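So the structure is just underneath, and the comments pick up after that.
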Protein chains: 2
Amino acid sequence: MQRVFEALSSPVRRKILAYLAHADLTAGEIAARFEISKPAVSQHLSVLENAGLVASEKKGQFVHYSLVADALANTLNGYVQEVCPVSRPLKKESAALASKSAPPTSD
Amino acid sequence: MQRVFEALSSPVRRKILAYLAHADLTAGEIAARFEISKPAVSQHLSVLENAGLVASEKKGQFVHYSLVADALANTLNGYVQEVCPVSRPLKKESAALASKSAPPTSD
DNA sequence: TCGGTAATTAAGTAATAGCTTACACATACG
DNA sequence: CGTATGTGTAAGCTATTACTTAATTACCGA
């Protein structure tokens with residue numbers, strides 16, 4: 001849990017997760033989307049993988065990264081339940097799900 | 001959002017939130033629950049307040065802190081929806097709610 | 001086998017976070 | 001008033017984090 005929140009504290013790492021939410025990507029494809037060096041991205045990926053938020057699979061010379069959505073959802077939802085007075089946040093989420101339109105969130 | 005995740009990356013700050021989930025507390029009461037100095041705790045409280053996760057109210061010489069549960073729930077639930085393939089995590093949460101027993105989570 | 005590409009590891013540096021002590025400020029109360 | 005108590009601010013130190021470049025490892029294809 002500590003590792004998850006630590007991983008999520010970085011904007012770069014949250015952006016990586018957002019990319020992986022749409023499609024699996026290789027390390028190089030991810031790095032190409034940022035202006036920082038490839039080793040820097042590689043380190044971010046390590047942090048995410050150690051937190052269990054992404055998984056990697058080597059295919060030839062490429063390493064494909066994918067989102068572990070369960071880990072993220074379970075950790076965050078679990079934490080919300082733990083800290084918040086259980087009933088309300090779930091209601092809100094249900095409402096959000098029902099309306100089906102994601103409210104504008106800025107990072 | 002950045003401030004929220006940054007705030008949550010610290011174990012001390014998450015522990016403060018956990019305390020405030022059960023009851024409002026003064027700065028001193030919070031500080032007494034940690035082994036670090038009072039100024040250190042005060043700084044953590046500032047971070048949490050800047051993130052909108054706690055609110056403070058001065059009463060006489062005391063400052064009472066309270067959890068802003070909505071901010072936490074909305075931010076985290078919103079983020080989960082943003083990153084995860086919408087349907088599954090909600091199902092899981094519904095199941096957890098139905099079973100009513102919080103699954104063992106360790107920090 | 002050799003050169004090229006993908007990715008990570010290593011080493012070093014600069015910025016940042018978190019802590020401490022000392023101080024300042026406000027309120028309470030004799 | 002003047003002293004004590006609760007809280008927050010300031011300054012400084014240390015440890016960690018995030019980045020860089022250079023070197024290394026692994027794989028591919030001619």
Side-chain angles (χ1 to χ4, degrees), chain A residues 1-20 23-68 72 75 79 107, chain B residues 1-20 22-68 72 75 107:
Chain A
M1 172 169 183
Q2 170 57 29
R3 290 189 181 181
V4 170
F5 280 111
E6 197 175 307
L8 292 176
S9 71
S10 155
V12 170
R13 288 192 288 265
R14 286 200 307 278
K15 203 168 179 180
I16 290 175
L17 292 180
Y19 284 132
L20 293 178
D24 291 3
L25 296 170
T26 67
E29 288 171 332
I30 295 169
R33 287 164 164 77
F34 294 90
E35 301 216 329
I36 60 180
S37 68
K38 276 170 77 161
V41 172
S42 188
Q43 286 163 3
H44 282 300
L45 287 169
S46 289
V47 172
L48 287 169
E49 188 160 23
N50 287 332
L53 296 178
V54 307
S56 66
E57 188 184 0
K58 186 162 187 177
K59 290 182 181 174
Q61 42 182 176
F62 297 90
V63 177
H64 292 255
Y65 283 88
S66 59
L67 180 70
V68 182
L72 191 99
T75 300
Y79 179 72
D107 199 353
Chain B
M1 172 169 184
Q2 169 58 30
R3 291 190 180 179
V4 170
F5 280 112
E6 196 175 307
L8 293 175
S9 72
S10 155
V12 170
R13 289 192 288 266
R14 287 199 307 278
K15 205 168 179 181
I16 291 175
L17 293 180
Y19 284 132
L20 293 179
H22 292 95
D24 292 3
L25 296 171
T26 67
E29 289 171 332
I30 296 169
R33 288 164 164 77
F34 294 91
E35 303 215 328
I36 59 179
S37 69
K38 278 167 76 162
V41 173
S42 188
Q43 287 163 4
H44 282 300
L45 286 169
S46 290
V47 172
L48 288 169
E49 188 160 23
N50 287 332
L53 296 178
V54 307
S56 66
E57 188 184 0
K58 185 163 187 176
K59 292 182 180 174
Q61 44 182 175
F62 297 89
V63 177
H64 292 256
Y65 284 88
S66 60
L67 180 69
V68 182
L72 192 102
T75 301
D107 200 352

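Chain letters run A, B, ... following the sequence lines, proteins first and then strands; every chain starts at 1. Predicted model only: the values in this text are computed from it and were never measured.
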Inset, instruction - Could you run through nucleotides 24-30 of chain C and give me one letter per nucleotide, 5' to 3': B if any protein heavy atom sits under 4.0 Å from the base, S if only the sugar-phosphate is that close, - if neither? - result: --SBS--

Inset, instruction - Grab the CG-C1' distance between Leu8(B) and dA17(C) for me, whole Å please. - result: 16 Å

Legend entry - Any donor-acceptor N/O pair, Arg13(B) side chain to Leu8(B) backbone, under 3.5 Å: no

Inset, instruction - Looking at every strand, decide which applies to Glu49(B) at a 4.0 Å heavy-atom threshold: base, sugar-phosphate, or nothing. - result: nothing

Legend entry - Tyr65(A) to Val54(A) - nearest heavy-atom pair and separation: CD2-CG2, 4.0 Å

Inset, instruction - Calculate the interatomic distance between Ile16(A) atom CD1 and dA7(C) atom P; express it in whole Å. - result: 13 Å

Legend entry - Whichever of Tyr65(B) and Ser9(A) has its nearest DNA chain D nucleotide further upstream toward 5': Tyr65(B)

Inset, instruction - Check whether any side-chain heavy atom of Ile30(A) lies under 4.5 Å from a side-chain heavy atom of Leu20(A), and answer yes or no. - result: yes

Inset, instruction - Side-chain contact test, heavy atoms from C-beta onward, threshold under 4.5 Å: evaluate it for Tyr19(A) versus Glu29(A) and give yes or no. - result: no

Inset, instruction - For Glu6(B), answer base if it contacts any base atom (sugar-phosphate contacts may also be present), sugar-phosphate if it contacts only those atoms, and nothing otherwise; contact means non-hydrogen atoms under 4.0 Å. - result: sugar-phosphate

Inset, instruction - Indicate the atoms forming the closest heavy-atom contact of Gln2(B) with Ser9(A), along with that distance. - result: NE2-O, 3.2 Å

Inset, instruction - Provide the start and end nucleotides, 5' to 3', of the part of DNA chain D that has atoms under 4.0 Å from heavy atoms of chain A. - result: dT17(D) to dC28(D)

Inset, instruction - Report yes if the side chains of Arg14(B) and Tyr79(A) come closer than 4.5 Å at any heavy-atom pair, otherwise no. - result: yes

Inset, instruction - Go through residues 33-46 of chain A and report each residue with a non-hydrogen atom lying under 4.0 Å from DNA chain D, sorted by number. - result: Ile36(A), Ser37(A), Pro39(A), Ala40(A), Gln43(A), His44(A)

Legend entry - Exercise: identify the closest heavy-atom pair between Arg3(A) and Ala51(A): O-CB, 3.5 Å

Legend entry - Minimal non-hydrogen separation, Ser56(A) against Val63(A), with atom names: CB-CG1, 3.8 Å

Inset, instruction - Please name the pair of heavy atoms, one in Ser66(A) and one in Asp24(A), separated by the smallest distance, quoted to 0.1 Å. - result: CB-OD1, 3.3 Å

Inset, instruction - Can you tell me the distance, in whole Å, between the CG atom of Leu48(B) and the P atom of dG18(C)? - result: 11 Å

Inset, instruction - Please state how far atom CD in Gln2(B) lies from atom P in dT16(C), giving the value in whole angstrom units. - result: 13 Å

Inset, instruction - State whether the side chain of Ser10(A) and the backbone N or O of Ala7(A) hold a donor-acceptor pair below 3.5 Å, judged by distance alone. - result: no

Inset, instruction - Please examine the side chains of Arg33(A) and Lys15(A), heavy atoms only from C-beta on, and report whether any two atoms are closer than 4.5 Å. - result: no

